[in-house]
Trainee: 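I have a structure here, written as structure tokens, and I will follow up with some questions on it.
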Amino acid sequence: MTKHLLLGQTLTFTSDPFENDWSDVAHINTSGGVLVEDGQIVGVDDGAALRAQHPDAIVTDYGQDLISAGFVDAHMHYPQTGIIASWGKQLIDWLNTYTFPEESRFGDRAFADDVAGRTLDLALAHGTTTLTSYCTIHPESVDAFFEAAAKRNMAVVAGKTCMDRNAPDTLKDTSQSAYDDSKRLLKKWDGTGRARYAITPRFSPTSTPEQLQALGALWAENPNVLMQTHMSEQKPEIAWVKELFPDARDYLDTYERFGLLGENGLYGHCIHLEQREIDRFAEVGAAVVHCPTSNTFIGSGLFDIAGLKARGIRTGLATDTGGGSSFSMLRTMAAAYEIGQLRGNVLHPAQLLWLATEGSASALKAQGQIGHLGVGASADITVLNLKSTEVIEQRANRAEHAWDAIFPTIMMGDDRAIREVWVAGEMVSWRAPSPVDFA
Ligand code: GUN
Ligand code: ZN
């Protein structure tokens with residue numbers, strides 16, 4: 001089997017830098033190496049030592065570039081790629097004006113194939129090796145996404161979005177068809193190659209209690225499968241949930257009472273939480289997902305990362321495209337930093353990079369497998385050029401510490417900072433997505 005040795009500065013984590021002093025658990029080796037064989041990382045050590053031990057390995061020397069685990073986006077919507085950066089609306093109006101008409105088009109398999117491939121290529125171009133995506137109500141949209149990911153050998157999570165009310169007729173299923181289609185797609189895709197399925201009720205306003213019940217039953221039959229949904233993103237949304245579910249104790253209860261709260265659950269946004277909801281997430285071991293560019297773009301609010309991490313709640317980081325305004329997990333880390341500042345919590349670059357890799361992987365219950373630069377993980381690797389633009393370079397040149405040299409790329413970097421991406425041990429030469437007529 002061919003061995004590859006990547007040389008450069010390596011970034012590894014031995015534990016969670018929110019639970020420990022970051023300086024004890026985040027490690028930069030300025031002359032590190034990563035040995036890759038058969039799709040896996042089989043060694044992380046001093047570059048010179050690995051080179052001496054493995055003279056047969058093909059060497060790629062990245063110099064002072066930073067070799068990181070590939071970025072893991074823990075929540076996004078591939079069908080919204082075509083409407084990213086749509087102006088002027090907050091959540092409910094944004095869904096009705098831009099999102100639902102666009103998502104209505106994904107029963108057309110050729111259209112879905114095109115957007116799925118484009119989205120995955122855009123993700124790779126931005127250094128993201130795993131996407132966790134909502135599809136649309138159309139089973140075709142699910143097959144399109146998983147097939148496009150399989151072609152690229154990418155580890156992805158996705159599911160058929162289920163919604164049977166408060167949406168246009170073109171975008172409604174039923175509780176029975178949501179159950180049947182989700183079950184069939186789950187059996188087809190979960191564990192097929194690198195794919196994992198997530199049962200996906202969009203959010204409680206677009207599902208009847210009957211549909212939530214049916215999906216809760218499906219989850220109980222398949223408890224190891226992930227479940228993803230949205231929660232407590234905007235205040236008018238929360239008020240609407242109270243009207244729709246007058247008996248519920250709070251927003252989380254609209255899931256909990258139907259069997260949709262569990263440790264394999266991923267709850268996107270979670271900005272305006274009540275104490276009982278936080279307590280339940282902590283007790284159950286569920287994961288929340290921070291979507292900072294979306295939260296500022298749609299005007300949702302300031303996620304309390306410090307408070308939720310202090311409660312031990314697993315937290316992933318995500319673009320939430322197309323509510324989020326960027327495919328870049330660098331830009332997403334920058335937005336998380338800015339929201340931290342607005343809340344009075346200063347996030348260290350080690351914490352930001354951990355969220356984008358290990359934290360998201362942990363939210364997906366895939367810790368050690370993806371988002372991890374360590375032995376036994378898949379060789380999904382992103383190499384960052386820390387001097388990708390003039391303004392970044394002149395700032396990095398003044399850095400006194402390794403982290404000072406990395407932070408300008410977090411705050412100002414984009415796809416130009418992505419030197420190289422490896423997926424399952426293969427160097428990716430992604431196609432620059434070609435212009436498309438989405439009209
Ligand atoms: N809540 C329900 N659906 C969506 C969506 O597509 N995007 C965002 N940001 N929030 C949602
Ligand atoms: Zn979302």
Side-chain angles (χ1 to χ4, degrees), residues 75-84 86 88-109 111-112 115-116 133-145 158-185 198-216 218 227-246 248 251 254-255 258 260 266-269 291 294 297-300 320-324 438:
H75 175 130
M76 59 88 64
H77 301 253
Y78 96 80
Q80 297 171 15
T81 293
I83 55 134
I84 191 170
S86 290
K89 304 286 179 193
Q90 296 216 343
L91 180 60
I92 305 303
D93 287 344
W94 176 82
L95 286 170
N96 287 319
T97 308
Y98 298 118
T99 311
F100 290 164
E102 179 71 3
E103 290 194 10
S104 296
R105 307 172 72 178
F106 282 72
D108 175 347
R109 178 63 199 262
F111 184 74
V115 182
S133 186
Y134 287 61
C135 301
T136 65
I137 66 152
H138 312 95
E140 297 87 340
S141 74
V142 180
D143 288 334
F145 186 73
K160 178 197 122 73
T161 296
C162 301
M163 41 203 297
D164 66 346
R165 65 166 164 174
N166 294 320
D169 288 342
T170 46
L171 218 52
K172 274 194 278 199
D173 52 18
T174 66
S175 42
Q176 189 65 47
S177 73
Y179 175 90
D180 292 343
D181 286 342
S182 299
K183 181 171 181 166
R184 185 174 53 75
L185 292 162
I199 297 168
T200 308
R202 178 175 218 116
F203 66 156
S204 50
T206 49
S207 288
T208 57
E210 294 71 33
Q211 179 167 83
L212 295 170
Q213 184 93 51
L215 295 174
L218 181 62
M227 190 287 303
Q228 61 177 348
T229 191
H230 296 87
M231 202 181 116
S232 296
E233 182 177 357
Q234 281 202 350
K235 288 188 173 161
E237 171 210 6
I238 297 169
W240 191 25
V241 169
K242 285 208 169 88
E243 269 171 42
L244 291 168
F245 296 87
Y251 199 145
T254 67
Y255 298 127
F258 299 115
L260 291 169
L266 290 157
Y267 302 83
H269 301 291
C291 307
S294 168
F297 181 75
I298 303 187
S300 302
D320 192 32
T321 46
F438 273 105

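We number each residue from 1, following the sequence as shown.
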Trainee: How long is the gap from CZ on Arg105 to CG on Leu171, to the nearest 0.5 Å?
Mentor: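 Separation between the atoms: 13.0 Å.
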Trainee: Who are the side-chain hydrogen bond (donor to acceptor under 3.5 Å, both in side chains) partners of Tyr251, not counting sequence neighbours?
Mentor: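 Applying side-chain hydrogen bond (donor to acceptor under 3.5 Å, both in side chains) to Tyr251 gives Glu237.
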Trainee: Mind checking what makes salt bridge (charged side-chain N to carboxylate O under 4.0 Å, His left out) contact with Glu233, not counting sequence neighbours?
Mentor: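 Salt bridge (charged side-chain N to carboxylate O under 4.0 Å, His left out) list for Glu233, sorted by chain: empty.
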Trainee: Using the test side-chain hydrogen bond (donor to acceptor under 3.5 Å, both in side chains), find all partners of Thr99 that sit at least two apart in sequence or belong to another chain.
Mentor: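 Result, side-chain hydrogen bond (donor to acceptor under 3.5 Å, both in side chains) vs Thr99: none returned.
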Trainee: Under the side-chain hydrogen bond (donor to acceptor under 3.5 Å, both in side chains) rule, collect the residues that match up with Thr161, sequence neighbours excluded.
Mentor: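 Scan of Thr161 (side-chain hydrogen bond (donor to acceptor under 3.5 Å, both in side chains), adjacent residues dropped) gives none.
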Trainee: Suppose we screen for ring pair (Phe, Tyr, Trp, His ring centres under 6.0 Å). Which residues come up paired with Phe145, at least two apart in sequence or across chains?
Mentor: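 For Phe145, the residues satisfying ring pair (Phe, Tyr, Trp, His ring centres under 6.0 Å) (neighbours in sequence not counted) are Tyr78.
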Trainee: Mind checking whether Arg184 and Pro139 have side chains closer than 4.5 Å, heavy atoms only?
Mentor: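 Yes. Closest side-chain heavy atoms under 4.5 Å.
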Trainee: Is there a side-chain contact between Asp143 and Arg109 in this structure, where contact means two heavy atoms from C-beta onward sitting under 4.5 Å apart?
Mentor: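 Of all side-chain heavy-atom pairs linking Arg109 with Asp143, at least one is under 4.5 Å.
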Trainee: Output all residues satisfying side chain to side chain contact (heavy atoms under 4.5 Å, CB included) with Ala214, sequence neighbours left out; order by chain, then residue number.
Mentor: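 Scan of Ala214 (side chain to side chain contact (heavy atoms under 4.5 Å, CB included), adjacent residues dropped) gives Ser175, Tyr179.
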Trainee: What pairs with Arg165 under side chain to side chain contact (heavy atoms under 4.5 Å, CB included), at least two apart in sequence or on another chain?
Mentor: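 With neighbours one apart ignored, the set is Thr208, Pro209, Leu244, Phe245.
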Trainee: Ser204 versus Leu212: any side-chain heavy-atom pair under 4.5 Å?
Mentor: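 Ser204 vs Leu212: side chains touch.
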Trainee: Do Glu103 and Gln80 come within less than 4.5 Å of each other through their side chains, counting heavy atoms only?
Mentor: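 With C-beta onward as the side chain, the pair touches.
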Trainee: In Å and rounded to the nearest 0.5 Å, what is the OG1 to CD distance from Thr81 to Glu102?
Mentor: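 These two atoms lie 9.0 Å from each other.
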Trainee: What's the spacing between Thr136 OG1 and Met163 CE if we round to 0.5 Å?
Mentor: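 Here the interatomic distance stands at 9.5 Å.
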Trainee: For Lys89, what residues pass the side chain to side chain contact (heavy atoms under 4.5 Å, CB included) criterion, not counting sequence neighbours?
Mentor: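 Side chain to side chain contact (heavy atoms under 4.5 Å, CB included) list for Lys89, sorted by chain: Asp93, Trp94, Thr97, Tyr98.
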Trainee: Using the salt bridge (charged side-chain N to carboxylate O under 4.0 Å, His left out) criterion, which residues pair with Asp173? Sequence neighbours excluded.
Mentor: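 Residues passing salt bridge (charged side-chain N to carboxylate O under 4.0 Å, His left out) with Asp173: Lys160.
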Trainee: How close do Asp320 and Ser294 get, heavy atom to heavy atom, and via which atoms?
Mentor: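 The answer is OD2-OG, 2.7 Å.
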Trainee: With a 4.0 Å cut-off, would you call Asp180 and Lys183 a salt bridge?
Mentor: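 Salt bridge flag = no for Lys183 with Asp180.
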Trainee: So, do Leu95 and Phe203 sit near enough that their side-chain heavy atoms are less than 4.5 Å apart?
Mentor: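 Yes, their side chains come closer than 4.5 Å.
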Trainee: Output all residues satisfying ring pair (Phe, Tyr, Trp, His ring centres under 6.0 Å) with Tyr134, sequence neighbours left out; order by chain, then residue number.
Mentor: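 So Tyr134 forms a ring pair (Phe, Tyr, Trp, His ring centres under 6.0 Å) with His75, His77, His230.
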Trainee: Applying side chain to side chain contact (heavy atoms under 4.5 Å, CB included), can you list everything that pairs with Phe297, at least two apart in sequence or on another chain?
Mentor: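 With sequence neighbours excluded, Phe297 shows a side chain to side chain contact (heavy atoms under 4.5 Å, CB included) to Ser325, given in chain and number order.
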Trainee: Check side-chain hydrogen bond (donor to acceptor under 3.5 Å, both in side chains) between Ser182 and all other residues, then give those that pass, not counting sequence neighbours.
Mentor: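 Here no residue qualifies.
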Trainee: With a 4.5 Å cut-off on side-chain heavy atoms, are Met227 and Pro201 touching?
Mentor: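 Sidechains of Met227 and Pro201: in contact.
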Trainee: Rounded to the nearest 0.5 Å, how far does CG of Leu218 lie from CD of Gln213?
Mentor: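 Here the rounded value is 12.5 Å.
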Trainee: Measuring only between side-chain heavy atoms, which start at C-beta, is Thr200 closer than 4.5 Å to Cys162?
Mentor: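 Counting from C-beta outward, Thr200 and Cys162 never come under 4.5 Å.
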Trainee: Within a strict 4.5 Å, meaning less than it, do heavy atoms of the Lys172 and Asn166 side chains meet?
Mentor: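 No - every pair of side-chain heavy atoms lies 4.5 Å or more apart.
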